[in-house]
Amino acid sequence: MADEPHEMNAVELSAAFEARVLSPVEVTEACLGRIEALDSGINAFCHLDIPAIEAMARASEQRWMEGAPLSPLDGVPVAVKDLLLTKGWPTLRGSLTVDARGPWDEDAPSVARLREAGAVLMGKTTTPEFGWKGSTDSPLYGTTRNPWNKDKTPGGSSGGSGAAVAARFTPLALGTDGGGSIRIPASFNGTFGLKPSFGRVPAYPLSPFGTVAHVGPMSRDVRSSAMLMNVIAKPDARDWHALPYEPMDYAAELDRPLAGKRIAYSPRLGFVTRVDAEVETIVAAAVKRLADLGAHVEQVEPPFGDPGDIFQKIWWSGAGYMLGDLPEEKLAQLDRGLRRMAELGNAFTKKQFIAANAARGIYGSQMRVFMENYDFLVTPTVATTAFDVGQLSPRDGDGKPWMTWTPFTSPFNLTQQPAASVPCGFASNGLPVGLQIVGRMFDDTGVLAACYAYEQADPHYEKVPPGF
């Protein structure tokens, strides 16, 4: 077990609370102290309500003293991405166009479940405006930085959550993922993140970007995210896309052996032309570890081609739908790149949009047939390590501003499969690299177990960014 409260993961904290060797108040104070001391250099949090946070911690402490915790996560700090509604706190989505007056009278389903479980909500974390891109800066909140190197981006759009977890500000965080927004920050920050099967974690209101957007857990280690899934995967009638609820202890399923599992290793997904050489080498070594654990690994490239055009039409159209009718004075307040994306999205015809959704259906069907032969598909999470803040892309623009450097994530938003990023090493520049493990649709437990098996064989989650 770690020595300091802020270094403990959710598993250790829950055990410490049960044994009464540590209290939720002590942990919350330790985390708030780190945020106060260090977050000015990171900008992971955009809203901290100290009295409310401390009140949640005191209430949890009382429940543990009475032997009546609401859940194993009672008292464990969890940060909330500023795209998820949180009752009593503004959800401004990184935008100057959102009225801060609210009303803020409702919790998103995942936030509601956390309250019911007694978790301490540790404030709201930064996001690019409306979560539109894979790096985290916004007109409202400024630039968020990577704890491993403050000149680098933490990724996006759940960049604040990823940075908060890496910097040991909080052991757990909620993220959303519409094209990689949990997995990109997990890769760039050396943390774990799961995009569950679509509908596994209820969402409300549904994303304006459509049925590519998922809600999921972020943490330093796999077991902590599994504990968080036990809470946030519970039902909520407001999400009409939600899967039928299956009572499941995700943490109890982690010890499934990897031996005998069939893994498709795809270093380029059949269409990716540029992957940093070090990333490719580190991921290949991680895949060898999977084979050493007894998995049957076959290097294969899915033959379906690049779905980037499909994703672009759906994502850009969502931006157009969300923002295209704003008056000029509001449009002028938007991130220029987001405004341009909304304009391009509105330029797509209805026929083009419907055709893109039809093509998405074909792509999803092809991937499900492909996965009949494999338990998991493994790729790099991102084609590069974290790049300089202030950039949309470290590569030449081609009209697809982030899709050249993160081509591995958005395909699985289109297919809605569970996909996770687990840390698998560090490049020579000292920055983390992530391994993406994709499962068959609905096999969230399998993905978590595969990630856990890899993490135990090649642990990187204990490494701490310099200065943190």
Side-chain angles (χ1 to χ4, degrees), residues 180 183 186-187 192-197 222 253-308 310 360 362-384 406-425 433-460:
R183 290 159 291 158
S187 182
F192 176 76
L194 170 70
K195 177 188 76 67
S197 299
V222 176
E253 299 290 327
L254 290 179
D255 292 317
R256 295 181 182 184
L258 196 62
K261 297 296 185 182
R262 299 164 298 169
I263 294 178
Y265 165 45
S266 183
R268 298 293 180 103
L269 273 184
F271 65 86
V272 179
T273 58
R274 297 175 64 186
V275 180
D276 288 2
E278 275 195 288
V279 169
E280 207 153 36
T281 298
I282 291 167
V283 168
V287 172
K288 185 178 184 303
R289 285 191 178 271
L290 297 174
D292 293 341
L293 291 170
H296 302 303
V297 178
E298 177 186 353
Q299 185 166 329
V300 58
E301 304 287 8
F304 320 134
D306 183 358
I310 301 170
R360 176 190 184 182
I362 294 170
Y363 183 76
S365 296
Q366 290 172 325
M367 189 62 73
R368 288 208 189 185
V369 172
F370 176 82
M371 292 298 294
E372 287 187 329
N373 296 314
Y374 303 100
D375 297 290
F376 306 108
L377 171 60
V378 174
T379 75
T381 304
V382 187
T384 182
T406 180
F408 296 103
T409 53
S410 59
F412 305 106
N413 294 86
L414 293 174
T415 66
Q416 302 184 333
Q417 293 165 253
S421 180
V422 61
C424 66
V433 174
L435 174 73
Q436 179 174 236
I437 299 181
V438 183
R440 293 174 172 175
M441 189 63 184
F442 311 123
D443 189 21
D444 304 87
T445 53
V447 170
L448 284 165
C451 290
Y452 183 71
Y454 175 79
E455 176 188 81
Q456 295 305 295
D458 189 21
H460 294 282

Enquirer: Can you list the steps and then say if Ile362 with Phe304 is a side chain to side chain contact (heavy atoms under 4.5 Å, CB included)?
Expert: CA-CA 10 Å; Ile362 294 170; Phe304 320 134; over 6 Å; no

Enquirer: Give the minimum heavy-atom separation between Tyr452 and Leu254, together with the two atoms involved.
Expert: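 Looking at all heavy atoms of both residues, the shortest contact is CD2-O, 3.4 Å.
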
Enquirer: Within the 4.5 Å heavy-atom criterion, are Val222 and Tyr454 side-chain neighbours or not?
Expert: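 A side-chain contact is absent here, since even the closest heavy-atom pair is not under 4.5 Å.
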
Enquirer: Using the rule given for side chain to side chain contact (heavy atoms under 4.5 Å, CB included), can you reason through Phe412 versus Met367, listing the C-alpha separation, both sets of side-chain angles and the distance that settles it, and then say yes or no?
Expert: CA-CA 9 Å; Phe412 305 106; Met367 189 62 73; 4.0 Å; yes

Enquirer: Between Glu253 (side chain) and Thr445 (backbone), is there a donor-acceptor pair under 3.5 Å?
Expert: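 No; judged by distance alone, with no hydrogens or angles, the pair does not exist.
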
Enquirer: Phe408 and Pro267: which non-hydrogen atoms are nearest, and at how many Å?
Expert: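 Closest heavy-atom pair between Phe408 and Pro267: CZ-O, 3.4 Å.
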
Enquirer: Is the shortest heavy-atom distance from the side chain of Tyr265 to the side chain of Thr379 under 4.5 Å?
Expert: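 They are not in contact (no side-chain heavy atoms under 4.5 Å apart), so the answer is no.
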
Enquirer: Between the side chains of Ser421 and Thr381, does any donor sit under 3.5 Å from an acceptor?
Expert: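 Ser421 vs Thr381: donor-acceptor pair found between side chains.
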
Enquirer: Looking only at heavy atoms, which two atoms of Ile263 and Ala295 are closest? And how far apart?
Expert: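 Looks like CD1-CB, 3.6 Å.
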
Enquirer: What closest approach, in Å, do Val382 and Val279 show between heavy atoms, and which atom pair accounts for it?
Expert: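 Taking Val382 first and Val279 second, the nearest heavy atoms are O-CG1, 3.5 Å.
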
Enquirer: In Å and rounded to the nearest 0.5 Å, what is the OG to CD distance from Ser197 to Gln417?
Expert: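 Answer for the OG-CD pair, Ser197 versus Gln417, is 8.5 Å.
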
Enquirer: Do Arg360 and Gln416 have side-chain heavy atoms sitting under 4.5 Å apart?
Expert: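 In contact.
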
Enquirer: Any side-chain heavy atom of Gln299 within less than 4.5 Å of one from Ser266?
Expert: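 Of all side-chain heavy-atom pairs linking Ser266 with Gln299, none is under 4.5 Å.
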
Enquirer: Would you say the side chains of Arg183 and Thr406 form a donor-acceptor pair under 3.5 Å?
Expert: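 There is no such pair between these side chains.
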
Enquirer: I'd like to know if Glu372 and Arg440 make a salt bridge, using a cut-off of under 4.0 Å between side-chain N and carboxylate O.
Expert: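 Result for this pair is no, no salt bridge flagged.
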
Enquirer: Give me the atom names and distance for the closest heavy-atom approach of Pro418 to Asp444.
Expert: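 Minimum heavy-atom separation between Pro418 and Asp444: CB-OD2, 3.5 Å.
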
Enquirer: Could you tell me the separation between the CD1 atom of Ile437 and the SG atom of Cys451, rounded to the nearest 0.5 Å?
Expert: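 Reported to 0.5 Å precision, the distance equals 4.0 Å.
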
Enquirer: Take Lys288 and Asp292 through the test side chain to side chain contact (heavy atoms under 4.5 Å, CB included) and record every step on the way to the result.
Expert: CA-CA 6 Å; Lys288 185 178 184 303; Asp292 293 341; 3.5 Å; yes

Enquirer: Test side chain to side chain contact (heavy atoms under 4.5 Å, CB included) on Asn413 and Lys195; report intermediate values, then the result.
Expert: CA-CA 9 Å; Asn413 294 86; Lys195 177 188 76 67; 3.5 Å; yes

Enquirer: Would you say the side chain of Arg268 lies within less than 4.5 Å of the side chain of Glu280, judging by non-hydrogen atoms?
Expert: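 Sidechains of Arg268 and Glu280: in contact.
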
Enquirer: Determine yes or no for a side-chain-to-main-chain donor-acceptor pair under 3.5 angstrom, with Asp306 supplying the side chain and Gly308 the backbone.
Expert: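 A pair under 3.5 Å: yes.
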
Enquirer: I want to check something: taking the side chain as every heavy atom from C-beta on, are Leu377 and Leu269 in contact at a cut-off of under 4.5 Å?
Expert: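 The answer is yes; the side chains approach within 4.5 Å.
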
Enquirer: So do His296 and Lys261 actually touch side chain to side chain, heavy atoms under 4.5 Å?
Expert: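 No - every pair of side-chain heavy atoms lies 4.5 Å or more apart.
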
Enquirer: Would you indicate whether the side-chain heavy atoms of Val378 and Val438 approach each other to under 4.5 Å?
Expert: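 Side chain of Val438 against side chain of Val378, heavy atoms only: no contact under 4.5 Å found.
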
Enquirer: Could you pull out the closest heavy-atom pair between Pro411 and Phe271, with the gap in Å?
Expert: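 What the structure gives for the nearest pair is CG-CZ, 4.4 Å.
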
